[in-house]
Each structure stands twice: as structure tokens, then as C-alpha cells.
There are 2 protein chains.
Amino acid sequence: MSESAAENTLAEQIAAQLRRDILRGKLPPDTAIKERDNAAELGVSRTPMREAIRILAQEGLVVLRPSRSPIVARPTVKEVHDQVVVLLALEKLSAQIACERATEVDLSRLAELNEQIAEAYDHVDALDLFEMDMAFHRLIAEAAHNEALAETHHAYLARLWRARFLSATMRRNRERVVSHHGAIMNALRARDPEAVDAALDQHLSNLAEDISAAIEAENAEAERAGG
Amino acid sequence: MSESAAENTLAEQIAAQLRRDILRGKLPPDTAIKERDNAAELGVSRTPMREAIRILAQEGLVVLRPSRSPIVARPTVKEVHDQVVVLLALEKLSAQIACERATEVDLSRLAELNEQIAEAYDHVDALDLFEMDMAFHRLIAEAAHNEALAETHHAYLARLWRARFLSATMRRNRERVVSHHGAIMNALRARDPEAVDAALDQHLSNLAEDISAAIEAENAEAERAGG
DNA sequence: CAACAATTTTTGGTATACCAAATCAGAAAT
DNA sequence: ATTTCTGATTTGGTATACCAAAAATTGTTG
């Protein structure tokens with residue numbers, strides 16, 4: 001929970017703004033992000049806008065093309081699938097390590113959040129719910145107390161945010177999420193590596209296919225409209 | 001060996017230059033990288049220098065501090081160790097996937113490179129040798145044909161370059177490297193996931209400790225010198 | 001009418017100038 | 001001698017101006 005705080009510099013604020021717009025679909029894939037125009041639109045200079053674009057490019061949300069405007073990324077199904085594979089591996093590794101290293105505080109935070117999710121599930125909009133889900137998975141990664149791992153895991157989670165969001169809104173299922181989270185939690189509590197692995201597999205095994213379907217649908221839509 | 005090509009923009013060239021200086025020890029840990037001074041020194045403006053610094057910060061080679069000059073990172077033993085753990089996991093995952101997905105071309109490239117390494121081992125300086133070793137491990141990552149995975153793996157390899165280099169020069173051992181590489185290769189050839197896992201474990205198991213020792217030595221040295 | 005070439009325009013890349021905040025040094029007071 | 005306050009200086013952050021390369025457009029020619 002360390003990064004959502006500051007947003008010190010203008011560039012970071014711009015990046016955050018653009019990130020939200022991209023992830024929420026206000027800036028759909030293939031949209032050009034011109035340094036000049038977007039900077040003018042926000043009333044800032046090109047310098048921080050440029051830096052913001054680099055940040056998002058680093059995150060994989062926009063793609064830089066030589067001598068061309070950067071555009072909002074349109075990940076292919078394979079790309080997203082590949083990223084999910086890595087995310088899954090990172091989370092499993094985190095959980096394995098967490099079986100040894102997780103503190104009681106880590107575990108109770110996890111429990112608390114899971115309870116919050118269960119409670120909020122029906123009252124809260126999809127976006128906020130998704131933030132909570134993301135936080136849950138981040139807590140797992142952080143419970144391994146391996147900063148590099150947590151950071152990389154978070155980067156993948158962020159990069160896959162939109163895809164996961166699309167997928168989740170398509171098949172929102174309270175029971176699945178809450179009970180799966182509970183299973184993961186209990187396995188961690190028991191510090192049982194194999195149970196953790198199984199629980200994560202159970203929770204995330206269909207993720208790749210779900211996401212792929214969502215992306216495929218969106219891309220097909222775009223093809224019909226723009227092509 | 002695919003990325004050393006382009007280096008289109010000035011910022012990238014500067015980043016490459018600084019990266020080399022850092023990794024080769026010309027810019028030791030804690031050295032300040034002032035935008036103004038370094039830019040002037042290289043005869044460029046602050047803009048690309050600034051961008052170059054961001055690139056290196058992203059790679060973990062320099063750390064940005066609010067309202068302070070960026071400095072060359074001095075990773076702690078724990079940080080490096082944590083990174084090695086992730087690197088190892090990424091490489092193992094790559095190899096597992098590669099058992100299914102590796103093409104004949106991938107495998108023969110691997111074989112060829114291993115032969116080159118064996119041949120060059122005694123004639124070539126440590127730095128070049130290390131580039132080759134790095135390339136070998138990158139080939140493994142690339143054989144999984146998962147771009148995200150290869151990219152992240154490469155990022156970790158690059159970030160750990162200096163630490164691995166320190167470690168390797170401390171205990172240079174021809175037989176170990178070549179035969180281990182050979183074992184990994186053969187396991188991949190056989191497309192045997194368990195054998196691959198074992199071979200990678202064999203090759204990389206001591207890496208974490210070796211690297212930790214090297215880093216510890218360097219940091220102790222710095223402590224003695226710098227107060 | 002099509003194809004090609006030159007010009008105009010748009011774009012990102014770079015240099016420079018300006019600003020505010022944070023640090024450091026020096027002087028003064030205790 | 002120590003501490004504190006203040007001002008000079010250094011730093012990164014931002015804005016703006018300039019440049020070169022690459023598209024796009026338009027005009028000409030076959």
C-alpha cells in the first residue's frame with residue numbers, strides 16, 4: 001500500500017490520470033496519445049507528459065513506435081495469456097515463500113480484507129470491488145517479504161488490470177471469489193505449501209481462459225467497428 | 001544478443017553508457033548522478049540525461065530520491081538474494097514451458113552457444129565470457145516463446161548482472177559452467193521437465209549464496225573505505 | 001486517371017531557460 | 001562552543017523553443 005500515496009510529480013499525476021482513463025476504457029486500444037495535444041488538453045507542457053507516457057509504456061499500457069504517436073496498447077490474446085501465466089507463477093511462488101515467512105499480521109490483514117470483500121460484494125461497484133480483489137492478491141505477494149517479487153507481481157497485476165476487469169465483469173460470481181479467497185487464506189494459515197498451491201490453482205486456473213475470451217470479444221468488437 | 005542493436009535515441013545511448021560504467025564498477029555504488037553535471041560532462045542537455053536516469057532507475061541500477069541527486073544503487077544482500085530467487089523461478093518456469101514449446105532451432109542455438117562458451121572459456125576476458133553466459137540463459141527464457149516471461153527474465157538478469165559478475169570472477173570454474181550448461185541443454189533436448197528442473201537447480205542453487213558473499217564483500221569494503 | 005515527386009505538416013527528440021523546494025554554510029546569539 | 005536562523009546555492013521539476021525526420025498531401029506529369 002505504499003505507492004498509491006504520493007504522486008509527487010506532475011508526470012506521475014498525469015500518468016495516473018491516463019492510466020485510469022485507459023483501464024476504464026475511456027481511452028480504448030489504438031487511441032493515439034500525442035505529446036503535444038494531450039499536454040495542451042491537460043494544460044501542462046510536453047515534458048511531464050512525455051515522462052508520463054514513458055511510465056505507461058514501461059507498464060505495457062501504451063506502446064511507443066519510432067516516429068509515431070504512442071498508442072494505447074491492444075494486447076493480443078496470446079500476449080495476455082502469456083502474462084497471466086507469469087502472474088500465476090509469481091503468485092504461486094509468493095504463496096510458497098509466504099508459507100514460511102508470513103507474519104501473523106500478514107495473515108490477519110488477509111482475513112480482514114477477505115471479510116470486507118465478502119461484505120461489500122453486493123453493495124459496491126465492479127471497479128471498487130476489483131481494487132479490493134487486487135489488494136487481496138497483493139497481500140499474498142507481500143506476505144513473502146521479498147520486495148522484488150512483490151514489485152514484479154504488482155506490475156503484472158497492474159498490467160493485467162483491464163483484462164482481468166473485463167473478464168470479471170463478464171462472469172461475476174460472489175461465491176467463487178469469496179470461497180476461493182478463503183481457501184487460499186486457510187492454506188496459508190496452515191502454512192501448507194501444497195494446499196496453497198492447490199488453492200491458487202483452483203482460483204486462477206480458469207483465469208487465463210476467461211481473460212482470453214474477454215480480450216477476444218473486445219478485439220472482435222474493434223474489428224467490426226474500426227476495420 | 002538482440003538488444004544491443006538499436007540504441008536509437010540519445011537517452012538510450014546515455015543509458016547504455018551509464019549502465020556499462022555502473023556494471024563495470026567505474027561508477028561504484030553511492031555515486032551521485034547529477035543531471036546537470038553528467039549531462040555537461042557528456043556534452044548533452046539535461047533532457048536526455050534525465051530520461052536515461054529514469055531508464056536506469058527502472059532497471060534498479062540507480063535509485064531516485066525526492067529532491068536529491070539519484071545515486072548508483074547499493075543493493076543489500078537481502079535485496080540481491082530476493083532477486084536471485086525470482087530470477088531462478090522465472091528461469092525454471094521458462095525451462096518447463098520450453099520443454100513443450102522449444103523449437104529445434106532454439107535447441108541448436110543453445111548447443112552452438114554452449115560450444116562457443118566451452119571453446120572461448122580460457123581465451124576470453126571475464127566480461128565477454130559473462131555476456132555469453134547471460135546469452136545462454138536468455139536463450140532458455142526465449143525458448144519458452146512467452147514474450148512477457150522472456151522480458152521479465154531479461155530484466156532480472158540485467159539487474160543482477162553486476163552481482164553475478166562479481167560472484168563469477170570470484171570463483172571462475174570452467175568445468176562447472178560448461179558441464180552444467182550441457183546438462184540443462186540435454187534435459188531440454190529430452191523435453192524432460194523434471195530433469196530440466198534438476199539441472200537448473202544444480203546450476204543455480206549456489207548462485208544465491210555466491211552472490212550474497214560477493215555483495216557482502218563489496219559492501220564491507222565500502223564500509224571500510226567510506227566510513 | 002494513375003503514379004510519382006516535391007512540399008508542407010506533423011511528430012518526437014533535444015536544448016535551454018525558469019522556478020520552487022530543499023540543503024548547506026555562515027553568522028549571530030546564547 | 002553550540003545552536004539556530006537566515007540567505008545563498010544547488011537540485012530536480014517544468015515550460016518553452018528549436019530541430020530533424022517521417023508522413024501526408026498536393027500538384028504535376030505520364
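Below, each value reflects all heavy atoms present in this structure, side chains not excepted, and no hydrogens, waters or symmetry copies.
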>> If I take atom CD in residue B:E12 and atom C1' in nucleotide C:dG12, what distance separates them, rounded to the nearest angstrom?
In response: 12 Å
>> Within the 3.5 Å criterion, strictly below it, is a donor on A:N146 or B:H81 matched to an acceptor on the partner's side chain?
In response: no
>> Assess whether a salt bridge exists between B:R50 and A:E51, defined as any Lys/Arg side-chain N lying under 4.0 Å from an Asp/Glu carboxylate O.
In response: yes
> Rounded to the Å, how far apart are B:R50 CZ and C:dA15 P?
Replying inline: 15 Å
>> Between the opening five pairs and the closing five pairs of the helix from C:dC1-D:dG30 to C:dT30-D:dA1, how far apart are the helix axes, to 10°?
In response: 0°
>> Would you say that more than 12 heavy atoms from the other residues, nucleotides or ligands in this model lie under 6.0 Å from the CD of B:E115, or not?
In response: no
> Rounding to a whole Å, what distance do you find between A:L42:CG and D:dT14:C1'?
Replying inline: 15 Å
>> So for B:R65 and D:dG12, does any side-chain atom that can act as donor or acceptor lie under 3.5 Å from a complementary atom in the base?
In response: no
> Which nucleotide in the list C:dG13, C:dT14, D:dT14 gets nearest to the side chain of A:R54?
Replying inline: C:dG13
>> More than 12 heavy atoms of other residues, nucleotides or ligands under 6.0 Å from CD of B:Q116: yes or no?
In response: yes
> How long is the line joining CE of B:M49 and P of C:dA15, in whole Å?
Replying inline: 10 Å
>> Let's see if you can work this out: which of C:dG12, C:dG13, C:dT14 has an atom nearest to the side-chain heavy atoms of A:S69?
In response: C:dG12
> Hey, is the side chain of B:R68 poking within less than 4.0 Å of OP1 or OP2 on C:dA22, counting only N and O atoms?
Replying inline: no
>> Can you tell me which nucleotide in C:dG12, D:dA15, C:dC18 comes closest to the side chain of A:P48?
In response: D:dA15
>> Is it the case that the side chain of B:D21 and the backbone of B:K26 share a donor-acceptor pair, with hydrogens and angles ignored and the cut-off at 3.5 Å?
In response: no
>> Can you see if the side chain of A:R46 gets near the phosphate of C:dG12 - specifically, an N or O under 4.0 Å from OP1 or OP2?
In response: no
> Do the ring planes of B:H181 and B:H203 sit parallel (below 30°), tilted (30 to 60°) or perpendicular (above 60°)?
Replying inline: perpendicular
> Nearest to the side chain of B:E35 - D:dT16, C:dA15, D:dG12?
Replying inline: D:dG12
> Does A:R46 pair with A:E35 as a salt bridge, N-O distance under 4.0 Å?
Replying inline: yes
>> Measuring from the side chain of A:S45 (C-beta onward, heavy atoms only), which nucleotide among C:dC18, D:dT16, C:dG12 has the closest atom?
In response: D:dT16
> Once you round it to whole Å, what is the distance between C1' of C:dG12 and CG of A:N38?
Replying inline: 14 Å
> Taking CG from B:D37 and P from D:dT9, how many angstroms apart are they, rounded to a whole number?
Replying inline: 16 Å
> Over how many whole Å does the gap from A:Q13 atom CD to D:dG13 atom C1' extend?
Replying inline: 12 Å
> Is the backbone N or O of B:V177 less than 3.5 Å from a side-chain atom of B:Y121, with the two atoms forming a donor-acceptor pair by type?
Replying inline: no
> So, is A:R36 close to the D:dA15 phosphate, meaning a side-chain N or O under 4.0 Å from OP1 or OP2?
Replying inline: no
> Tell me: CG of A:L10 to P of C:dC19, nearest whole Å?
Replying inline: 17 Å
> Which listed nucleotide (D:dT16, C:dA15, C:dG12) is nearest to the side chain of A:K34?
Replying inline: C:dG12
> Has A:T47 got a side-chain N or O lying under 4.0 Å from the OP1 or OP2 atom of D:dT14?
Replying inline: no
